[in-house]
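Worksheet: one structure, shown below.
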2 protein chains.
Amino acid sequence: MTSRTKAGRSTIHDIAADLGVSVSTVSRALTPGGTVSPETRRRVEEAAGRLDYRANRAARSLSTGRMHSIGLIVPDLRDPFFAEVAKGAQMRARSVDHTVYIADTDRSAELEFEAIDMMRRDVDGFLVCAPLGDDEALREHLRGTAAVMIHRELAGLPSVTSDLASGIAQAVQHLHALGHRRIAHVAGPDSSWGARRRRAAFDREVSDGDRVLLGPIADPFEGGVATADALLASGATAVIAYNDLVALGLVTRLRARGVSVPDGMSVVGFDGLDVATLATSLTSVAVPRQVAARSAVDLLLRALDEGGEPASVVLPTQLIVRDSTAPLRR
Amino acid sequence: MTSRTKAGRSTIHDIAADLGVSVSTVSRALTPGGTVSPETRRRVEEAAGRLDYRANRAARSLSTGRMHSIGLIVPDLRDPFFAEVAKGAQMRARSVDHTVYIADTDRSAELEFEAIDMMRRDVDGFLVCAPLGDDEALREHLRGTAAVMIHRELAGLPSVTSDLASGIAQAVQHLHALGHRRIAHVAGPDSSWGARRRRAAFDREVSDGDRVLLGPIADPFEGGVATADALLASGATAVIAYNDLVALGLVTRLRARGVSVPDGMSVVGFDGLDVATLATSLTSVAVPRQVAARSAVDLLLRALDEGGEPASVVLPTQLIVRDSTAPLRR
DNA sequence: CTGTTAGCGCCTTCAG
DNA sequence: CTGAAGGCGCTAACAG
């Protein structure tokens with residue numbers, strides 16, 4: 001039997017033997033705060049490199065209790081919004097030697113809870129993207145585990161959100177500046193935290209007489225398609241959609257009806273997805289995703305290390321003006 | 001000190017104590033092939049449920065050497081193609097009690113290798129989505145670790161690919177049936193395995209005189225936009241794009257030039273992405289993604305368990321006819 | 001500053 | 001069929 005495990009990987013024992021020191025010395029030399037002589041550390045590092053040593057996470061976790069990994073709960077990876085969150089979280093985590101377990105819950109609150117229960121033991125904490133689902137149940141399943149909410153607030157838990165109210169305000173001001181008065185909003189599902197926030201902001205920014213409220217829709221793109229006719233009938237000259245997919249649905253149906261965008265109708269999306277610029281150059285409110293995910297990772301790790309108060313972060317949103325909005329023609 | 005670890009989780013010791021049996025009995029009862037009396041197993045399972053027991057993966061891994069997790073290498077999670085692969089892999093893995101570590105390599109071959117080296121020790125094997133990158137280097141970094149390639153063949157390794165040649169053939173036949181003769185192909189990067197395959201199939205399916213080859217392009221959407229004018233100048237009446245994003249770029253520029261799609265130009269995409277149907281109802285060759293990922297997971301686990309010969313799978317592709325292709329007008 | 005000694009939670013011989 | 005014992009690779013007191 002050789003002194004190496006399968007896959008040709010060596011352990012601290014190999015390094016210790018190679019150098020004629022004890023394994024604990026090696027362990028300390030390899031630990032950031034370890035108290036060893038500079039010379040020893042140098043030799044250990046040299047040997048580690050030479051022997052292609054790589055720490056066994058399982059062993060480390062077992063002994064320290066820290067798994068060096070975090071769980072990411074997302075409703076649907078196919079949605080570019082969440083794909084970017086996943087990308088950001090994963091990259092940031094890797095840069096600080098953590099891995100992320102992604103659980104795609106397929107837009108089911110059931111699976112969401114199940115995934116949390118399943119992974120709880122194998123991660124140090126959670127990043128939760130769960131726009132839907134009941135507050136109480138969610139809090140209950142998260143009890144006893146560190147967690148930070150992304151794009152949703154949940155009392156008592158740290159969160160990273162974006163300034164949706166400002167985003168809506170920017171959109172409304174943009175439309176007002178273009179001369180539009182009667183403005184519609186196609187609302188997202190009431191069960192969504194973000195949809196409620198956008199809608200509330202819209203109610204605040206547009207005065208009663210000018211305000212047209214449509215929706216709520218369920219499926220984004222098809223919901224947009226299905227709402228376009230009501231939009232035309234409403235007399236609004238501009239619309240702010242719940243998100244970019246809804247906006248694309250609206251644009252598709254409007255054009256099919258022979259209504260030009262932006263000349264016949266100004267359309268503002270929300271999220272700032274790349275796909276929204278692909279075939280349709282959509283004016284949209286950009287919502288940070290990778291940055292949000294990175295911040296969430298940092299927040300979580302800080303909470304784990306220092307155990308401070310749950311801090312929350314609100315990231316700015318930014319209106320991106322493209323070709324789907326134009327001055328009101330009279 | 002209580003008998004439970006943090007996060008309120010119990011161990012097999014708790015179950016053993018609760019039942020007055022030994023930990024090894026509990027361990028066996030909880031192991032599929034374990035040899036215990038049916039009665040004992042029943043009691044153990046009851047207690048496990050009652051005490052909310054959940055096995056500690058780190059401990060299990062340390063003792064068995066199996067990590068119960070697999071690494072997924074993808075170039076970019078933002079690309080809906082890979083997001084779906086990730087989703088499929090993750091869901092299938094979870095259903096067989098495995099987790100997947102996703103490494104987004106940000107389209108860098110460097111990061112690809114780095115990620116493999118980094119994770120090698122913490123996973124049982126890899127699922128590799130690496131269309132780019134050198135064969136030899138990739139094989140070298142994968143040496144000694146189980147791996148299955150997705151959407152790329154690499155001699156000596158099992159793979160899950162799709163029948164790109166058939167997809168191209170279907171597209172060409174469709175266009176021929178519509179009366180088109182002069183057909184163009186906008187090729188993807190030569191460094192991409194899939195791009196080379198599509199192009200070779202195109203060369204085979206379209207006779208020399210009728211064939212127009214454009215590209216290769218680098219950035220998909222912008223590449224499509226940039227190639228549209230050459231397409232028009234080529235005299236082709238139909239085009240098969242490297243992928244859907246390229247097709248969308250083409251359509252965007254064509255329309256800007258005042259050329260109607262499909263009346264002035266028939267456009268076929270490749271991949272069958274949802275985004276392609278959003279604003280543009282694009283005819284496209286659907287390439288399986290979630291299914292491919294699921295198969296890859298199965299292949300990997302089977303190889304790990306049985307260590308058989310590296311089997312490979314080729315999944316079918318299917319032309320989806322929508323509104324971007326029409327009969328040739330003469 | 002370094003070596004020795006105990007585990008972390010689980011699986012796996014080996015006896016009984 | 002079940003219990004006792006040892007070890008997976010690493011970290012964390014505790015002595016020296």
Side-chain angles (χ1 to χ4, degrees), chain A residues 1-44 47-48 51-69 97 120-122 124, chain B residues 1-44 47-48 51-69 97 120-122 124:
Chain A
M1 166 156 174
T2 87
S3 58
R4 312 181 132 226
T5 47
K6 66 179 170 171
R9 267 337 179 300
S10 43
T11 74
I12 51 174
H13 287 92
D14 297 309
I15 299 180
D18 184 279
L19 260 37
V21 298
S22 74
V23 292
S24 37
T25 296
V26 176
S27 174
R28 274 188 295 257
L30 261 19
T31 304
T35 145
V36 279
S37 75
E39 170 59 7
T40 305
R41 161 160 288 142
R42 201 197 51 66
R43 293 179 59 219
V44 168
L51 299 177
D52 191 28
Y53 170 77
R54 213 133 302 182
N56 179 326
R57 297 178 93 93
R60 196 201 320 174
S61 296
L62 189 54
S63 129
T64 62
R66 278 284 290 253
M67 316 307 273
H68 278 253
S69 74
D97 192 32
R120 189 207 308 285
R121 185 144 197 194
D122 306 314
D124 296 317
Chain B
M1 166 158 173
T2 85
S3 60
R4 312 182 132 228
T5 48
K6 67 177 176 195
R9 266 338 179 300
S10 42
T11 73
I12 51 174
H13 287 92
D14 298 309
I15 298 180
D18 184 277
L19 260 37
V21 298
S22 74
V23 292
S24 34
T25 297
V26 176
S27 174
R28 273 188 294 258
L30 261 18
T31 304
T35 148
V36 280
S37 75
E39 170 59 7
T40 304
R41 161 159 289 139
R42 202 196 51 66
R43 292 179 60 218
V44 169
L51 298 177
D52 190 28
Y53 170 77
R54 214 133 302 181
N56 179 325
R57 298 177 93 91
R60 196 200 321 172
S61 296
L62 190 54
S63 100
T64 62
R66 279 284 292 250
M67 316 310 271
H68 278 254
S69 74
D97 191 33
R120 189 208 307 287
R121 184 140 197 198
D122 306 315
D124 296 317

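These numbers were taken from a predicted model, which means no experiment stands behind them. Here is how names work: the chains are called A, B, and so on, in the same order as the sequence lines, proteins then strands, and each is numbered from 1.
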Checklist entry - How about Thr25(B) and Arg43(B): do any of their side-chain heavy atoms sit closer than 4.5 Å? => result no

Interface polar pairs with nucleotides 10-14 of chain C, N/O, under 3.5 angstrom:
unit_1, atom_1, unit_2, atom_2, d
dC10(C), OP1, Tyr53(B), OH, 2.7
dC10(C), OP1, Asn56(B), N, 3.3
dC10(C), OP2, Ile12(B), N, 2.8
dC11(C), OP2, Ser27(B), OG, 2.9
dC11(C), O4', Ser63(B), OG, 2.7

Checklist entry - Do the side chain of Arg121(B) and the main chain of Arg54(A) share a donor and acceptor less than 3.5 angstrom apart? => result yes

Next on the checklist: Could you check whether any side-chain N or O of Ser61(A) sits under 3.5 Å from a backbone N or O of Ala58(B), counting only pairs where one atom can act as donor and the other as acceptor?
Outcome noted: no

In whole Å, what is the span from the [atom1] atom of [X] to the [atom2] atom of [N]?
X	N	atom1	atom2	value
Met67(B)	dG9(C)	CE	C1'	14 Å
Ile15(B)	dT2(D)	CD1	P	15 Å
Leu19(A)	dT2(C)	CG	P	11 Å

Checklist entry - Is a salt bridge present between Arg60(A) and Asp122(B), judged by a nitrogen-to-oxygen distance below 4.0 Å? => result no

Checklist outcome for this item: Taking for Leu62(B) and for Pro38(B) the nucleotide of DNA chain D with the nearest heavy atom, the one nearer the 5' end belongs to Pro38(B)

Checklist entry - Base, sugar-phosphate, or nothing: which does Thr35(A) touch, judged by heavy atoms less than 4.0 Å apart? => result base

Checklist entry - Does the pair Thr11(A) and Asn56(A) meet the rule for a side chain to side chain contact (heavy atoms under 4.5 Å, CB included), with working shown? => result CA-CA 8 Å; Thr11(A) 74; Asn56(A) 179 326; over 6 Å; no

Checklist entry - After noting the C-alpha distance and the side-chain angles of Tyr53(B) and Val26(B), does the key distance pass the side chain to side chain contact (heavy atoms under 4.5 Å, CB included) rule? => result CA-CA 11 Å; Tyr53(B) 170 77; Val26(B) 176; over 6 Å; no

Item to check | Val23(A) versus His13(A), closest heavy-atom pair with distance | outcome: CG1-CD2, 3.3 Å

Item to check | Contact summary for Arg41(B) and Thr31(B), nearest pair of heavy atoms | outcome: NH2-O, 3.2 Å

Next on the checklist: Is Thr25(A) close enough to dT2(C) that one of its side-chain N or O atoms is under 4.0 Å from OP1 or OP2 there?
Outcome noted: no

Item to check | C1' atoms of dT5(C) and dG6(D), separation to the nearest Å | outcome: 16 Å

Checklist entry - DNA chain D in dot-bracket, Watson-Crick or G-U pairs under 3.5 Å, [ ] crossing, | other strand? => result |||||||||||.||||

